[in-house]
Participant: 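First the structure, then my questions, so here it is.
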Amino acid sequence: MSKSKFKPFTSKIPTLAEWSKNFRHRQASAPRATLASPSIAGLGTWTMTLKDNGFKRVIALEPVPAYNHWITGLSEQSKGIVEVLKKDGYDWETYIGLKEPQYLGELENKDWTHVHPGIFFTGTLPKGSRGEQLLAQFMTCITNKMALFTMGRIQMALWIPDSLFYKITAAPGTNARCKMSVIAEACADVMPICSTGPKDVYPHGEYHLVHIIPFAESQIKSQWDVFEYVLKHLFVMQKKPLSHMVRTLGPGADIILGRLSFDPQILIGTMTAMQLDEVATKFDEWPLRPRVLFEDASVFT
Amino acid sequence: MSLSLARQAVAKRSLRFHRQSKYCQVLLKHVAIPCRYQSSAATATESDVDTNRKKHIIMPNAGLSAYKLTAKVLPGSVAEQFAVLKACIISGSMVRAERIMKELYKTRPEEMKLFADVNLYNTLLNGFIEADPKPMTKECLTWLDAMKPRGVTADADTYAIVLKGFLRQSYHTARGLLVEMVLEEGIPVDSVVKSEYLTMADIESFRKMVAESTQITNNNARDILAQLEAAVDVVLGKPAEPLMKDSIAEPLIRDANFDPVPEVKPTKSIGVQFLQEQLAALGDPNATSRMDPYDLQLGLEQQGYEMALQRLLYDKEQSMERGDTLNAMNLTPLKRIMWEWHQKMLPLVKEEVERCDAATSRENERRLYGPFLKVLPPETLSIVTILELLRLHNSSGIGDGMKTARAIIDVGKSVEMEYNAVQIKNKARGFDKNSDTHALFSSGKLFNLAVRKARIDMEKDLSQHSNGMGPANDWNPVWPSTIRAKVGSVLTSLLLEAAKIPVPSKDPETGMKIIENIPAFFHTYQYVHGKRVGIIKFSEQLTHMLAREPIRDTLHPRLLPMLVHPNPWLSYNSGGYLSTKSMCMRVKDSAEQLVYLNKASENDHLAKVFSGLDVLGSTCWRVNKSVFNVVLEVWNKGEALADIPPVVQEHAPLPPKPENYDTDPKAKFNWVSEVKQIQTNERNNHSLRCDVNYKVETARAFLNLPMYFPHNMDFRGRAYPMPPTLNHLGNDLCRGLLHFEEAKPLGARGWRWLKIHLANLYGYDKHSFTEREEFTMSSMDNILDSVDNPLSGKRWWLKADSPWQCLAACYEVAAAVRSGAPEEFKSQLPIHQDGTCNGLQHYAALGGDLAGARAVNLANSGDRPADVYTGVAELVNKQIDEAAAEGNELAQLLQGNVSRKVVKQTVMTNVYGVTFVGARAQIENRLRENENIPRAKVYALSGYLAKKVFSSLGEMFTGAHQIQDWLTDSARRIARSVPLETLQESGLVPGGPPAAKGPEETTVKKRGGGKKKEFSARNPTANQMTSVIWTTPLGLPIVQPYRRSGKKQIATLLQTIFIEDPDASRPVNTSKQSSAFPPNFIHSLDATHMLMSAVACHKKGMTFASVHDSYWTHACDVDGMNEVIRDQFIELHSQPIMENLIAEFKERYKDYRVPRTEVIDKNANDEQDAAGASLFADESELDKVLELEKQQKENEKKDALNAIFGLADMPEADGDGDQDEDDNDDMVMVEKKSKKNLSKYKHTWEPLSFLPLPKKGEFDINEVKKSPYFFH
DNA sequence: GGCAAATATAAAGATATAAGTTATAGGCAAAGG
DNA sequence: GTTTTGCCTAGCGACAATATCTTTATATTTGCG
């Protein structure tokens, strides 16, 4: 049942035209710039596609000299459309640098009622922990309007590995439901565009292109640190009811159960982002809640 | 003191000997025939070879099935069932017990044949007899009859139990049994009467039976009855009360200057005084202060949780009596709340027990842990749980909490220990024998190996498996950790439910004030490196409460220093504390170590090791009151000083959030980690402060009392005191707080050594003895000032390397000086003689390394001690200068910056096998402290320097390095090796038993068929089960424990926990085995040297203590000890240690095979070599490769392009496919090319062999005798 | 009432979890095309 | 079947990942004649 909820992807590769169809509204609003973060090999290709597809300016983030060389070549033949920045999309500093006027500084647009008309972020996330971490971070940045999203409600199109795709799109009650799906659910539309076959790309594995459009307003209203604390603790056991897991938030935290608008017997994994946010809010209001919410046993010698 | 007291003790006990004729007789039998042992000693040289061979315990490889039989390793599930069985018997659930027995015989017949011994049966039978409400004699007889067919021979205890049962029912049957016993089993009647399963009343009823059996006509029966009567008379003819208080017992506290014990803020006391208070409080007012120390020690060990409970109860009742209202009760808030928890928890425990009783066969968990909840009353279970949880506060680096796994296992373990303690206490008859041993030991006789042997033999005569404690033949299976965890989790979860704290709060909606009853503890989780860790946390309110109250209420003391001599080690698990069962070796999760130790113990190989440990334990200590007072003052002031951390009142204010906290993840992250760091620091400081608090508390508790530290060993044989908090291995503070009990006049030499000692402690230890002596004399003003105004004066002592010890030395020196006649001053201060880089000393001795020997003072090297670190630094500097002259930039930067300190750590850790990386890190740290070094260059410089240090070390200690390498290599070979049988069993080598193992075969197939790789020379890891094992010159078998972890998840009530599975097959960790072998081997040698020296010192009447390679004695005995140290070192190294080692290896690993990879295609190999060479040498070739790579990448790119967008001209899959194939072709060609050039390898098994030993150098070990700074 | 098949249940094995990589890089052993 | 990837990185003393899903093994029930 869980699987049937997802749009099945054919291993057939969509053509560029097909792909473009999915971004029709974008074409209408004539994008002025894009960011590409070609994190994995072979995707200089991706940059090239963007170049050939009506973007006015493509800023390519590529820190690895070997690949950088490649993109630079691309840049040269692109007549100034493609611009190479030797920065890593993984680095936080990169996004500060991008706010410089010569890059995206001019385009900053604090109006979140509309999707940012001028900036489009795209790239490929690597398989493994790094990519996962990065995607999760993108989502928290959206909901908190941090980093890239200080510049506005920027839409993204990301190539992500299979496993990540299932996680980020997991609906309440599904097997892949996790912290990241909750945050994604709360702050953005995540829509599949197309997929690769298992061996189409290196490193091997299925990749999916997802279109991420931040909501005008995140559903997470509680204080972020509190929400994160609550989320982290509750998701230790998703198959247990909230009434059980809420106790792990603090001694006597079950007192907030009666203050909720829904049945506390609900299983964690089936809770919606809004419900979780409500828990976080009530938890925050609870006078006896633990003072310190940072509790990383960061024990290094 | 010890002598007079000991003599008294002996005299006193000898009275008991008369009563306890059996012990007396046996003891005399053995001791009175010294020639038996002398003769063997006389022929020792002659039979040396023989004994040497026997000295090695050799067991089948841990991977072989034979191992399980020989080593008698109890499988986990059986161990679990045994524990349950015992718990059932103890709690009277005999029906269940019987069912378990039947089930065991049905499902585990083989194991039962091996492990179901007469002691098990006796326990079971006794359970039937003592069954409530009436003896289950029928079942008893059934199982008695079942013994013989199952190969279990009934013994006197068996019959005692059965007879006891029938005496209450039918004299007829009893008589029949008696006759059967004597005639068929040949068990003498009197041995039955002596059985510890019989009470005096039981024996009394024997008499009654005899009296009522006058009409018996059968001759045999009459005869036997007569014997019985006689035996009964022997026992009952004596006073029935065995533990008569000796009124002549010397009062424990006999210190002339008995000081009033000052109060420690905020805590009061633990330990002895605690015990005394308790005893006094519980209506034993007179006995405490004049109690026999032996009994007091027993009391101390046995002040179980019951005591704590009763104390709580007592306090409570007292306040009630005083008419306190509930609110104004004279209990501290904490105690009151603990009482409430206890009250709340009791019904919960009781309910749980009932639920367990009612548990259906479906409720497996309850059926498993249920019986264990019945071995102790609910009151005890409750208090144990409360106190254990409170004790674990802040353990495992968790702030205000503990890891769940730790908590529940500890609770379970505590329940088990308490249960054991209660068992022992309830059977007081078992103790006399023990105190006899103790008396014997106190007299010093047990250091005579012959007497020791006699004593051990005697114990063996009396009981096969005596542990010196409790009923000799008790069958007491240990609770496997799974059981402990489950039992602990039940109790813990009940406590979590019960323990609440009322806290004022308010409703956030209405703003109404309310009281919330929040849990004192709660179960939660934390993530560490993405892994969940279960935590039990204290609520903040509880933490605050704890902080305000003395630790004595929450810290249930355990393993305190002893008041009397520790019991001598008679077997691997008998010795040390009087009634707390302890192991002579600290073994963690390595069954193999235990097996070898046990075997060695059984075969009497450990006598010398044990007497060494006994000597260490016999050293009597006192708290140094002068130092203690200063410590106390500092502590109460809350000042940070020396090792004492400051009091931190409130949390430090958090740093302000940065401007861009809400927008920049980096900024946020930095701030969060800063906060976390602050929190960790606060936590660390707090636990440091707690640690010091425990130490000070312990010191205070023993302020006027003698202290003994029972010792045991780590797996290499290094000795450690068992009391964990305050001991002489602790930090400077601990050491400063302790000195010898005995005071000995300094004499001229001692006075000199005292002065030298002070200089050493100050840090002035690289100079000649005379210079050091002068240093002390010239510092006299400072010393006196330190003594007179330790805190208000110049605080000179604080500048010392070891301030507290230095202060102690100052007191001693000052007192000596002021006595007017220093040489007559009686000193208690231990004087240290430290090996100079002891590891290297042993290496140098083994390698016969001349230069090395000089560098570490094995040979005299001048009028000052040679200092390896300086030596290495000099050598390095020389090389650097040369390199700098040649223009090496790095060397130039380093010139003049390489001090002794920079290289010290690396040189020191070199013997531990530090790697280049580690060494570089160390040096890096040192270089960073130096401002002359440009930051950016530090890394490169440290790498460069590390290399130089390594090469210099190699130069200075050639022999040592060769040996180190040889050891590493040999260990690697061993750890990779596999016994021939394993190969034969798996059919890799012909010649094995032709598939005799039916079931074995199938299981192997099952496993192999699944997913696991097949066992072969190429893939041997899963079957590499061979640990490196060797025997020290003293006979201690050493087993390196490094294996792959075999942890499994275990379900408990709170969560699953992850613990080592005792049944898991755990292949060795080859690299750890080999890299750790050299240090372990050397440590086993230095441990040997230390134990030898300990015994030798003791023989000469010197007090001895040690911290591994630092040997301590009274000042006046330093010269004597120095001689001993050297003699023992020479004796140790005069043996062909390395030759013995290799011989042992060859014997132990006879017929072992090592996987070997060899090149079979010579040509291919050559080709590859050529190709490899060209790859780097030939420019054009290199270009070609690069070109190829480039092209490959291009193809990849194209490929990806096609894949993603279908941009290729040809539509869809076809084009892609072609493209793919083309690409692949290219790539394959490249690969093929390289593949063609690759050599073929063959994997084979070859016999385990060793490299020849490195050649020994010229150094003559006897030089040590003449080296003044060997230890200094 | 006996035995085999089918089903239920338990044990064992796998996998995901969090989230900046923590400053370093070489040697050796596990794993996999 | 041998290159690539990955791990750890000075020893001992002080211990310890866990929830949940998947697969496999074992126990129990059912079904049948």
Side-chain angles (χ1 to χ4, degrees), chain A residues 90-92 129-130 132-134 136-137 140 163 167 175-176 178-180 232 235-240 269 296 298 300-301, chain B residues 362 364 395-396 403-406 408-410 481 485 525-534 586 588-589 665-666 669 673 713-716 718 720 724 729 839 905-906 908-922 924-925 928 938-939 942-943 972 976 1006 1010-1011 1013 1016 1018-1019 1021 1045 1047-1051 1055-1060 1069-1072 1074-1080 1082-1083 1087 1108 1157 1231 1234-1235 1238-1243:
Chain A
Y90 184 73
D91 282 340
W92 288 324
S129 59
R130 305 273 303 278
E132 184 159 348
Q133 191 184 14
L134 190 52
Q137 243 160 41
T140 63
S163 56
K167 273 187 209 165
N175 253 353
C178 61
K179 296 199 313 172
M180 185 167 66
K232 186 197 284 185
F235 264 83
V236 166
M237 282 182 261
Q238 350 183 6
K239 293 298 148 84
K240 286 274 187 313
D296 203 51
S298 57
F300 74 102
T301 51
Chain B
R362 248 179 229 288
N364 265 328
S395 68
S396 338
K403 294 196 175 170
T404 312
R406 172 88 199 273
I408 62 180
I409 291 173
D410 267 19
S481 46
Y525 295 83
Q526 284 183 6
Y527 284 95
V528 58
H529 298 312
K531 312 246 176 97
R532 290 186 189 97
V533 182
R586 302 170 183 213
K588 72 172 192 191
D589 287 332
K666 172 99 176 191
F669 173 79
S673 18
M713 306 170 280
D714 67 17
F715 75 89
R716 290 110 22 111
R718 277 191 154 192
Y720 300 81
L729 257 76
Q905 195 185 11
T906 305
M908 203 155 54
T909 54
N910 179 62
V911 285
Y912 304 142
V914 73
T915 60
F916 175 73
V917 181
R920 188 185 50 203
Q922 298 165 354
E924 196 180 334
N925 289 334
R928 275 192 201 286
V938 166
Y939 185 72
S942 30
R972 209 176 89 91
R976 288 163 53 84
K1006 258 181 223 158
K1011 218 192 284 185
K1013 268 159 284 185
S1016 73
R1018 200 182 149 265
N1019 196 352
T1021 39
S1045 126
K1047 284 183 174 155
K1048 297 247 163 71
Q1049 277 182 267
I1050 301 297
Q1055 59 172 71
T1056 72
I1057 61 163
F1058 197 50
I1059 51 177
E1060 207 63 49
N1069 178 343
T1070 358
S1071 47
K1072 196 86 202 294
S1074 71
S1075 73
F1077 179 47
N1080 285 338
I1082 293 301
H1083 284 326
H1108 305 320
T1157 305
E1231 277 180 40
S1234 58
K1235 258 180 196 160
L1238 288 170
S1239 50
K1240 303 276 185 223
Y1241 290 88
K1242 193 173 106 185
H1243 299 279

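Chain letters run A, B, ... following the sequence lines, proteins first, then strands; residues in each count from 1. No hydrogens, no waters, no symmetry mates; every other heavy atom, side chains included, goes into these values.
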Participant: Nearest to the A:Val236 side chain among C:dG20, D:dG13, D:dA19, which nucleotide is it?
Facilitator: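 Selected nucleotide (nearest to the side chain): D:dA19.
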Participant: Starting at the 5' end of DNA chain D, which residue's closest nucleotide do you reach first, B:Val914 or B:Lys588?
Facilitator: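 This one resolves to B:Val914.
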Participant: Taking atom C1' in both C:dA31 and C:dA12, compute the distance separating them and give it to the nearest angstrom.
Facilitator: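 23 Å, rounded to whole Å.
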Participant: Using the side-chain heavy atoms of B:Ile1057, tell me which of these nucleotides is nearest: D:dT18, C:dG20, D:dA16.
Facilitator: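 Looking only at heavy atoms from C-beta outward on B:Ile1057, the closest nucleotide is D:dT18.
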Participant: Examine distances only and state if a side-chain atom of B:Thr404 and a backbone atom of B:Gly534 form a donor-acceptor pair shorter than 3.5 Å.
Facilitator: yes
Participant: Determine: side-chain N/O of B:Lys1047 to OP1/OP2 of D:dA17, distance under 4.0 Å, yes or no.
Facilitator: yes
Participant: To the side chain of B:Arg406, which of D:dA16, C:dT17, D:dA10 is closest?
Facilitator: D:dA16
Participant: So, is A:Lys232 near the phosphate of C:dA19, with a side-chain N or O under 4.0 Å from OP1 or OP2?
Facilitator: yes
Participant: I want to verify a distance call: between D:dA10, C:dG20, D:dA19, whose nearest atom is closest to the A:Met237 side chain?
Facilitator: D:dA19
Participant: Go through D:dG13, D:dG11, D:dA19 for me and flag the one nearest to the B:Arg586 side chain.
Facilitator: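 The answer is D:dG13, which lies nearest to the side chain.
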Participant: Any idea which of D:dC21, C:dA19, D:dA10 is nearest the A:Ser129 side chain?
Facilitator: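 Of all the options, the side chain of A:Ser129 is nearest to C:dA19.
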Participant: With rounding to the closest Å, how many angstrom separate the C1' atoms on D:dA10 and C:dG27?
Facilitator: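 Roughly 16 Å separates the two C1' atoms.
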Participant: Tell me which nucleotide among C:dA18, D:dA16, D:dA10 gets nearest to the side chain of B:Tyr527.
Facilitator: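 It is C:dA18.
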Participant: Donor-acceptor pair, distance only, cut-off 3.5 Å: does the side chain of B:Gln922 make one with the backbone of B:Thr906?
Facilitator: yes
Participant: Has A:Trp92 got its ring stacked on the base of C:dG20, with centres under 5.5 Å and planes less than 30° apart?
Facilitator: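 A stacking contact exists, since A:Trp92 sits close and nearly parallel to the base ring of C:dG20.
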Participant: Base, sugar-phosphate or nothing for A:Asp91? Non-hydrogen atoms, less than 4.0 Å.
Facilitator: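 The answer is base, as A:Asp91 lies within the cut-off (heavy atoms under 4.0 Å) of a base atom.
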Participant: Just wondering, do B:His1083 and B:Tyr912 contact through their side chains at under 4.5 Å, heavy atoms?
Facilitator: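 Yes, side chains in contact.
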Participant: Within the structure, does a side-chain N or O atom of A:Lys239 lie under 4.0 Å from either OP1 or OP2 of D:dC21?
Facilitator: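 Affirmative; the distance criterion is met.
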Participant: Are B:Thr915 and D:dA10 close enough that a side-chain N or O sits under 4.0 Å from OP1 or OP2?
Facilitator: yes
Participant: So B:Gln905, base contact, sugar-phosphate only, or nothing? Heavy-atom distance under 4.0 Å.
Facilitator: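 Here B:Gln905 touches the bases of the nucleic acid.
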Participant: Between B:Thr909 and B:Phe1058, which has a closest nucleotide on DNA chain D that is more 5'?
Facilitator: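 The 5'-side residue here is B:Thr909.
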Participant: Looking only at side-chain N and O atoms, does B:Lys531 come under 4.0 Å of OP1 or OP2 in D:dA19?
Facilitator: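 For D:dA19, OP1/OP2 do not have a side-chain N/O of B:Lys531 under 4.0 Å.
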Participant: As an exercise, state the distance from CZ of B:Arg976 to OG1 of B:Thr1070, rounded to the nearest 0.5 Å.
Facilitator: 7.0 Å
Participant: When all nucleic acid strands are considered with a 4.0 Å heavy-atom cut-off, which category describes B:Val911: base, sugar-phosphate, or nothing?
Facilitator: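 Counting heavy atoms under 4.0 Å across all strands, no contact is made by B:Val911.
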Participant: With a 4.5 Å heavy-atom cut-off, do B:Val533 and B:Tyr525 have their side chains touching?
Facilitator: no
Participant: Can you check the distance between D:dG11 and C:dG20, where both ends of the measurement are the C1' atom (answer in whole Å)?
Facilitator: 32 Å
Participant: Of all the choices, D:dC15, D:dG11, D:dA10, which nucleotide is nearest to the side chain of B:His1083 once you look at every atom?
Facilitator: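 Of the options given, the side chain of B:His1083 lies nearest D:dG11.
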Participant: Once you apply a heavy-atom cut-off of 4.0 Å, does A:Glu132 come out as touching a base, just sugar-phosphate, or nothing?
Facilitator: base
Participant: Using a 4.0 Å heavy-atom cut-off across all strands, classify A:Phe235 as base, sugar-phosphate, or nothing.
Facilitator: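 Nothing, no heavy atom under 4.0 Å.
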Participant: Which part of the nucleic acid does B:Phe916 contact within heavy-atom distance under 4.0 Å: base, sugar-phosphate only, or nothing?
Facilitator: nothing
Participant: May I ask you to decide whether B:Lys588 forms a salt bridge with B:Glu1060, counting only side-chain N to carboxylate O separations under 4.0 Å?
Facilitator: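 Result for this pair is no, no salt bridge flagged.
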Participant: With a 3.5 Å limit on both atom pairs, tell me what D:dA16 is paired to, counting Watson-Crick and G-U wobble, or say none.
Facilitator: none
Participant: Once hydrogens and angles are ignored, does a donor-acceptor distance under 3.5 Å link the base of D:dA19 to the side chain of B:Gln1049?
Facilitator: yes
Participant: Give a yes/no verdict on base stacking between C:dG20 and B:Phe669: centres under 5.5 Å, planes within less than 30° of parallel.
Facilitator: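 No, the aromatic ring of B:Phe669 does not stack with the base.
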Participant: Here's a test of your reading of the structure: between A:Cys178 and B:Ala921, which maps to the more 5' nucleotide of DNA chain C?
Facilitator: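 Of the two residues, A:Cys178 wins.
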Participant: Identify which nucleotide among D:dC12, D:dA10, D:dA16 has an atom closest to any side-chain atom of B:Tyr912, counting heavy atoms from C-beta outward.
Facilitator: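 Per side-chain heavy atoms of B:Tyr912, the pick is D:dA10.
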Participant: Considering only the P atoms, how many Å lie between C:dA18 and D:dA19, rounded to the nearest integer?
Facilitator: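 Result for the P pair: 14 Å, nearest Å.
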Participant: For the P atoms, the ones on C:dC28 and on C:dT24, what distance do you get once it is rounded to whole angstrom?
Facilitator: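 Between the two P atoms, the distance is 23 Å.
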Participant: Distance check, C1' atoms only: C:dT22 and D:dC7, in whole angstrom units.
Facilitator: 16 Å
Participant: Do the charged groups of B:Arg406 and B:Asp410 touch, with an N to O distance under 4.0 Å?
Facilitator: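 Looking at B:Arg406 and B:Asp410, the cut-off is met.
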Participant: For nucleotides C:dT15 and C:dG32, find the distance between their P atoms and express it as a whole number of Å.
Facilitator: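 Per the computed distance, 11 Å lies between those P atoms.
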Participant: Would you say a side-chain N or O of A:Lys179 is under 4.0 Å from OP1 or OP2 of C:dA18?
Facilitator: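 For C:dA18, OP1/OP2 do have a side-chain N/O of A:Lys179 under 4.0 Å.
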Participant: Between C:dG26 and D:dG13, how many Å separate the two C1' atoms, rounded to a whole number?
Facilitator: 30 Å
Participant: Heavy atoms only, 4.0 Å cut-off, all strands: where does B:Arg972 land among base, sugar-phosphate and nothing?
Facilitator: sugar-phosphate
Participant: Measure from the side-chain heavy atoms of B:Arg716 and tell me the nearest of C:dA19, D:dG11, D:dC15.
Facilitator: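 The answer is D:dG11, which lies nearest to the side chain.
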